[in-house]
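First the structure, in the form of structure tokens, and then the observations on it.
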Amino acid sequence: MGSDSNNIIDAYTSGEYKYGFHTDIETEYAPIGLNEDTVRYISAQKNEPAFLLEYRLKAYRHWLTMKMPTWPHLEIPPIDYQGIIYYAAPKKKKELSSLDEVDPELLETFNKLGISLEEQKKLSGVAVDAVIDSVSVKTTFSETLAKHGIIFCSFSEAVKNHPDLVKQYMGSVVPYTDNFFAALNSAVFSDGSFCFIPKGVRCPVELSTYFRINAANTGQFERTLILAEEGSYVSYMEGCTAPQRDKNQLHAAVVEIVAMKDAQVKYSTVQNWYPGDKNGKGGIYNFVTKRGICKGSNSKISWTQVETGSAITWKYPSCILLGDNSVGEFYSVAVTNNYQQADTGTKMLHLGRNTKSTIISKGISAGRSNNSYRGLVRISKNAVNSRNYSQCDSLLLGDKCGAHTFPYIQTENKSSIVEHEATTSKISEDQLFYCQQRGIDTESAVGLIVNGYAKEVLKQLPMEFAVEAQKLLSISLEGSVG
Amino acid sequence: MLLKITNLHASIKGKEILKGINLVVNKGEVHAIMGPNGTGKSTLASVIAGRDVFDVTEGEVLYNAKNLLTLSVEERAREGIFLGFQYPVEIPGVSITNFMRTAVNEIRKYRGLDPMGAGEFLKMMEEKKKLVEITSNLTNRSVNEGFSGGEKKRNEIFQMAMLEPTLAILDETDSGLDIDALRVVANGVNKLRTSENGFVVITHYQRLLDYIIPDFVHVLFEGRIVKSGGKELAMELEEKGYDWIKQQL
């Protein structure tokens with residue numbers, strides 16, 4: 001059973017070669033390695049304004065002074081930063097003419113996930129049908145957004161068309177000095193998403209990277225900036241539940257969110273990068289810095305993540321609660337199987353008065369994996385009457401995996417209340433037997449139990465994501481019991 | 001013949017619990033299995049259901065003329081065997097509705113039927129709830145989570161009604177029940193009794209048998225069925241106690 005799911009992933013991941021995706025379509029690469037010339041090359045390739053090149057160079061110079069963090073509960077193999085190609089011009093994949101040419105096992109995975117046919121074609125590189133690729137769908141989408149004054153485009157386009165906004169806000173939440181990977185990203189980021197919601201506008205659709213043109217090739221150093229003006233609302237979905245493979249092993253993304261007075265941003269992620277094979281070979285290193293600032297009063301930022309992929313995950317979507325009465329939320333399900341490692345959690349920095357934060361973290365470890373929750377709740381002196389509630393649960397499948405919890409709590413005033421609850425449980429033989437006795441096989445039983453366990457987080461996801469995420473959880477754990 | 005157990009021996013971690021069980025259950029029959037604690041009643045139920053912590057060392061179990069011992073737990077369930085648990089486990093976050101829908105559809109798939117649509121399924125749930133006198137909010141809750149002892153047992157009976165088994169084994173379903181809950185459980189069984197299915201009711205006390213009238217009563221003692229009879233055997237046991245059996249041996 002275990003090898004089945006791995007076969008599927010293998011089949012998919014080797015698919016790029018097997019089915020000729022990786023053919024000699026002309027691609028322009030930056031020279032291998034990283035130095036100031038590389039940074040200048042990237043900036044020049046993208047015709048960037050001077051301020052951005054300056055920013056990149058400052059970030060690069062700062063990065064040189066930094067070391068990779070050693071505090072995570074992760075075993076990270078040495079990374080040769082001079083052995084990486086930092087920029088490749090967007091390349092075209094060879095298109096297949098129909099789904100018949102796609103590996104049936106890959107299609108089976110898609111079917112298990114309930115991914116629509118059109119989407120299957122898109123994901124597996126089949127020439128996309130008129131329906132979904134037609135200019136009309138995208139135009140309708142863009143027109144809807146334009147009508148409301150919403151800007152949703154690639155980061156490069158934003159640099160070109162809205163340089164003032166980029167200049168003002170890029171690095172304002174995650175400065176390049178923040179950490180090793182943020183500095184690296186700031187120096188060499190290739191592209192990403194930009195989103196601006198004007199004052200008082202409630203974005204009528206879920207913004208999904210799926211709809212954004214060029215989303216397929218955002219590359220390994222992604223950069224996202226979301227600006228929500230006063231009284232606005234947006235729900236943003238990142239990622240995709242289908243297995244995603246990238247030949248780049250190192251991924252270091254930065255996401256910044258700014259929420260003004262009364263604004264609300266809901267950011268949902270499903271991360272399913274290639275996790276490596278069942279022996280721990282290969283897989284993506286995902287080192288992400290995600291942070292939002294609740295700048296105005298009564299603003300709210302909500303992070304929801306379902307993390308099932310990557311060989312190594314290092315990720316702490318955080319909230320700076322600067323505005324009075326602002327609210328930060330973090331809902332997370334992190335699954336590790338085989339030899340995967342995850343060190344993930346959040347930081348809730350309470351600066352404003354009456355600020356509130358909620359942390360619900362559900363870790364699921366199977367195989368020989370290691371899964372850590374790491375969270376900081378800091379309530380500053382001025383953040384009077386603030387509240388935090390944290391719940392960190394761990395579920396273990398089997399006895400060779402590890403679950404760890406590292407909560408850090410700092411309170412500097414006496415009027416605030418911080419609550420932390422933590423549990424560790426196992427899927428019991430009794431639960432499995434009970435399900436089996438009702439006619440449900442082990443795989444389905446594990447799926448049911450795990451989804452029940454993660455329910456509090458899954459229900460935070462937009463509908464489009466929730467159903468797929470549920471299936472994804474089951475698939476990620478196939479073969480982990482029995 | 002629905003179930004035929006011949007010279008069944010089973011052990012756990014090398015310790016023999018069942019030491020040669022012989023039992024025949026025909027369609028339309030209700031069998032009561034009684035006996036003191038620790039004599040193998042629950043082990044017998046678990047072995048029929050296929051729990052793998054027990055090793056069957058000898059003997060044969062035929063179900064609808066099929067060799068039951070080669071089937072997995074879920075295959076036995078899909079073949080129509082239901083076990084009402086003595087201690088039903090909690091499955092947090094999984095609603096009874098979702099749980100039952102999964103079970104019903106897995107069983108249907110095994111039998112070559114299409115999955116039941118949501119509307120049809122909910123209608124079936126309503127009917128079965130009425131049949132076994134379950135209040136509606138129970139099925140919206142997570143499986144057994146925070147249930148009282150009585151609620152757990154009612155839930156078992158409800159699931160039995162939903163899955164319409166051919167052979168139902170109720171493992172001390174009456175233990176820990178007050179008289180009202182006992183009546184609900186017994187009524188459920190009585191309503192589900194047909195000429196096409198069979199029941200094995202495991203109980204420590206005669207009390208349940210005031211409500212579920214068995215066709216046969218067996219006394220299990222130290223891993224063997226030492227005495228069988230009609231429903232009057234249960235009365236006699238109640239009157240004379242298990243010591244009476246021990247003295248006879």
Side-chain angles (χ1 to χ4, degrees), chain A residues 1 111-112 114 306 331 333 335 360-364 391 393-397 421-461 466-467 469-471 473-474 477 481-482, chain B residues 45-46 48-54 71-111 113 141-145 152 155-156 158-160 162-165 167-169 171:
Chain A
M1 290 180 294
N111 286 330
K112 281 185 186 173
V306 175
Y331 300 98
V333 177
V335 180
I360 309 283
S361 163
K362 301 272 184 178
I364 301 164
Q391 187 188 327
D393 297 330
S394 306
L395 184 70
L396 300 166
L397 282 75
E421 287 180 19
T423 66
T424 302
S425 52
K426 277 190 147 188
I427 290 189
S428 70
E429 290 291 318
D430 285 346
Q431 284 174 321
L432 288 177
F433 180 62
Y434 192 78
C435 293
Q436 289 164 332
Q437 211 299 308
R438 299 304 186 244
I440 302 168
D441 64 31
T442 313
E443 304 267 276
S444 307
V446 169
L448 259 185
I449 294 167
V450 163
N451 275 296
Y453 165 79
K455 196 179 184 179
E456 271 178 279
V457 174
L458 297 177
K459 74 179 183 198
Q460 298 293 334
L461 288 172
V467 177
Q470 280 178 22
K471 291 178 186 159
L473 283 189
S474 310
L477 291 166
V481 168
Chain B
S46 295
I48 297 172
R51 182 138 213 188
D52 62 5
V53 292
F54 298 100
L71 300 182
S72 68
V73 179
E74 59 268 27
E75 283 167 339
R76 295 180 201 204
R78 294 165 189 172
E79 288 281 343
I81 291 179
F82 177 89
L83 174 61
F85 285 77
Q86 187 176 1
Y87 305 109
V89 293
E90 298 186 358
I91 308 180
V94 178
S95 71
I96 293 179
T97 306
N98 188 14
F99 182 63
M100 273 294 100
R101 191 159 176 218
T102 308
V104 164
N105 284 334
E106 293 261 340
I107 292 170
R108 287 176 68 92
K109 192 163 95 187
Y110 181 79
R111 296 176 185 172
L113 300 168
R141 289 163 60 186
S142 296
V143 178
N144 295 318
E145 196 182 25
K152 284 183 181 172
N155 183 23
E156 293 294 290
F158 166 70
Q159 293 181 39
M160 179 171 80
M162 288 295 292
L163 301 178
E164 300 174 333
L167 175 67
I169 304 154
D171 187 7

Is it the backbone or the side chain of [X] that comes under 4.5 Å from a heavy atom of chain A, or both, or neither?
X      : result
B:R51  : both
B:Q159 : side chain
B:V104 : neither
B:L163 : side chain
B:P88  : both
B:F99  : both
B:N144 : side chain

Salt bridge (Lys or Arg N to Asp or Glu O under 4.0 Å) contacts in which one or both residues fall within residues 444-457 of chain A, not counting sequence neighbours: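 For residues 444-457 of chain A: A:K362-A:E456.
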
In Å, rounded to the nearest 0.5 Å, how long is the span from [atom1] of [X] to [atom2] of [Y]?
X      : Y      : atom1 : atom2 : result
B:I96  : B:F158 : CD1   : CZ    : 7.0 Å
B:I91  : A:N451 : CD1   : CG    : 12.5 Å
B:D171 : B:I169 : CG    : CD1   : 9.0 Å
B:E164 : B:I107 : CD    : CD1   : 10.0 Å
B:M162 : A:R438 : CE    : CZ    : 12.0 Å

Sequence neighbours excluded, which residues qualify as salt bridge (charged side-chain N to carboxylate O under 4.0 Å, His left out) partners of B:R101? none

Who wins among [options] for the most heavy-atom pairs under 4.5 Å with chain A?
options                    : result
B:G50, B:A77, B:S72, B:S46 : B:A77
B:V143, B:L83, B:T102      : B:L83
B:V89, B:D52, B:I81        : B:V89

When the 4.5 angstrom heavy-atom criterion is applied to A:Y453 and chain B, the contacting part is backbone

Would B:S95 and B:N98 count as having a side-chain donor-acceptor pair, cut-off 3.5 Å? no

